[in-house]
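For reference, the structure is listed below as structure tokens.
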Amino acid sequence: MRDVGTTHEDLEQFLAGHHLVGAGLRREGRATPREGNTAAHWSWEGIYKGLMQSGKIVTIGPNGMTGMRSVVGIEARRFPIWMNAQILMPGERTQAHRNLRSETRLVCQAPKEAVFVCENQTYPMERGDVVTNPAWTFHDHWNKGDTPAIWVDGYDNGYNPNVNVDERLPKDAPYQAIKSHAGEGPIAVGDFRALPDDPVFPIPPMRYPWAATHGALSALRASGTADPYDGFMTMLANPIDGGPTLPTIAWHAQLLEGKQRTLPHRHNSTTFYFGFEGEGALVIEGERLNWNQGDIFAVAAWKWHHHEITGGGDAILFSIDDWPAMKKLGFYLKEEARGF
Ligand SMILES: [Fe+2]
Ligand SMILES: [Fe+2]
């Protein structure tokens with residue numbers, strides 16, 4: 001397969017070979033979308049190499065491309081929600097904006113000096129943190145460290161397909177003023193924060209630190225209450241009402257033990273997964289999707305699926321699912337098999 005090369009053209013070809021396209025490159029890509037139940041699967045190798053090269057040859061921020069450099073699966077945008085991956089190189093800060101969609105982020109790697117800036121507050125980027133930027137909240141990203149910061153985004157683009165009002169700060173004053181840092185004052189990191197003036201819109205940004213998520217998974221495991229369909233699974237709850245993470249999508253983290261095999265189920269919501277630790281298989285309608293750490297993959301609505309952890313070690317998946325939107329719309333349906 002073609003290597004990542006040195007030019008934009010080389011990178012486009014490399015990404016296409018991994019069924020990916022990059023922002024700032026040719027969005028339409030060069031490869032034909034794959035078909036089939038297991039087609040929505042993109043390897044970490046393609047994502048990581050594509051991002052790193054993109055970081056070298058695509059300029060972002062006030063003096064470069066408007067928006068963020070990213071790579072996304074060619075097939076991903078067929079879904080109402082999706083994940084893609086982004087990279088922020090050392091020294092970079094993006095031009096702040098807000099828009100009418102939910103933007104959420106799971107940190108893959110970052111130096112300790114890198115931060116997300118959300119509504120005038122900085123949030124650290126530790127591996128495994130999830131940070132939400134609900135609709136109409138200002139956000140930018142700032143890497144003050146000396147290694148690249150990489151994260152996976154979860155979007156609900158399919159729920160506002162008509163007009164995405166996008167308000168961006170001007171190039172000559174591109175950044176938000178920083179008024180507080182996570183952990184300072186009453187608006188703090190974690191589950192404790194001041195209520196917003198309007199508790200409905202916009203919903204405040206939120207950080208779910210990996211330490212807290214990991215603690216929840218460990219406690220679930222200690223309790224022995226594995227879900228037969230999803231293993232030890234927790235939802236990252238909305239801080240206002242304890243419900244799903246956002247009105248449209250819920251973030252989940254799940255731990256599956258070595259050799260664990262879950263029972264099949266199907267639901268008419270869409271799920272996008274990120275392989276956070278370990279490796280395993282998602283079997284969709286009898287077709288096997290083998291995933292490794294760092295891979296992004298999806299299961300389409302109403303497809304029977306179950307997990308198989310082939311190795312002896314634990315596996316941890318993060319996922320986004322649009323069941324909150326489907327429930328609110330009155331369409332949500334789930335079927336669970338009693339056995340194979
Ligand atoms: Fe954004
Ligand atoms: Fe599922």
Side-chain angles (χ1 to χ4, degrees), residues 23-24 37 40 60-61 65-70 72 79 81-88 92-105 116-119 123 131-142 151-157 160 164-169 174-176 202 205 226-235 246 249-254 256 261-274 280-285 289 291 297-308 317-324 326-327 332-337:
N37 293 320
I60 60 162
M65 181 180 88
T66 301
M68 210 22 216
R69 67 166 85 75
S70 62
V72 61
F79 294 87
I81 61 172
W82 74 73
M83 283 177 169
N84 59 223
Q86 300 191 329
I87 187 167
L88 191 65
E92 289 182 332
R93 186 172 180 186
T94 58
Q95 202 176 341
H97 84 137
R98 63 178 178 179
N99 59 2
L100 289 177
R101 66 180 184 186
S102 306
E103 299 193 17
T104 59
R105 305 187 170 84
F116 293 121
V117 188
C118 313
E119 293 284 299
Y123 294 77
V131 174
T132 62
N133 279 119
W136 216 234
T137 54
F138 270 108
H139 53 276
D140 67 74
H141 323 300
W142 190 5
W151 59 83
V152 166
D153 302 272
Y155 294 119
D156 58 1
N157 290 340
N160 185 11
N164 178 17
V165 180
D166 190 339
E167 189 175 290
R168 196 169 287 276
L169 297 185
Y175 307 127
Q176 298 175 76
D227 180 276
Y229 305 93
D230 279 309
F232 299 106
M233 188 183 217
T234 187
M235 181 182 78
L246 289 167
I249 52 176
W251 270 89
H252 300 107
Q254 69 194 102
L256 297 155
R261 185 188 198 196
T262 64
L263 289 174
H265 72 176
R266 64 175 174 174
H267 34 77
N268 62 353
S269 58
T270 298
T271 315
F272 259 77
Y273 291 98
F274 176 73
L282 182 65
V283 182
I284 309 171
E285 300 274 326
L289 184 162
W291 61 265
F297 51 101
V299 58
W302 210 235
K303 301 286 185 184
W304 287 102
H305 57 280
H306 73 272
H307 296 278
E308 290 183 14
L317 291 167
F318 275 92
S319 58
I320 54 168
D321 192 300
D322 61 350
W323 64 259
M326 297 296 281
K327 273 196 169 178
Y332 187 63
L333 193 62
K334 181 157 76 170
E335 277 190 348
E336 296 175 332

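Indexing begins at 1, ligand by ligand and atom by atom, following the structure's order. Being a predicted model, the structure only gives us computed values, none of them experimental.
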Requested in this report: Tell me, please, which residues at least two apart from Arg266 pass salt bridge (charged side-chain N to carboxylate O under 4.0 Å, His left out).
Outcome: Glu335
**Report entry** Contacts of the Fe ion (ligand 1) with protein N/O/S atoms, counting only those under 2.8 Å
**Finding:** His97 NE2, Glu103 OE1, Glu103 OE2, His139 NE2
Query - Expected output: side-chain Gln176 to main-chain Val117 donor-acceptor under 3.5 Å - result: yes
Requested in this report: Show your reasoning for whether ring-ring contact (aromatic ring centres under 6.0 Å, His included) applies to His139 and His97.
Outcome: CA-CA 6 Å; His139 53 276; His97 84 137; 4.4 Å; yes
Report task. Determine, for Arg101 against Asp156, whether the closest basic-nitrogen to carboxylate-oxygen distance falls under 4.0 angstrom. Result -> no
Query - By side-chain contact (heavy atoms from CB on, under 4.5 Å) - contacts of Tyr175 (at least two apart) - result: Pro62, Arg93
Query raised in the report: Around the Fe ion (ligand 2), how many protein N, O or S atoms are closer than 2.8 Å?
Result: 3
Requested in this report: Would you tell me whether Arg98 and Asn133 have side-chain atoms, one donor and one acceptor, within less than 3.5 Å of each other?
Outcome: no
Query raised in the report: Would the Phe116 and Trp142 ring centres measure less than 6.0 Å apart?
Result: no
Query raised in the report: Do the charged groups of Glu92 and Arg69 touch, with an N to O distance under 4.0 Å?
Result: yes
Query - Phe318 ring center near Tyr273 ring center (under 6.0 Å) - result: no
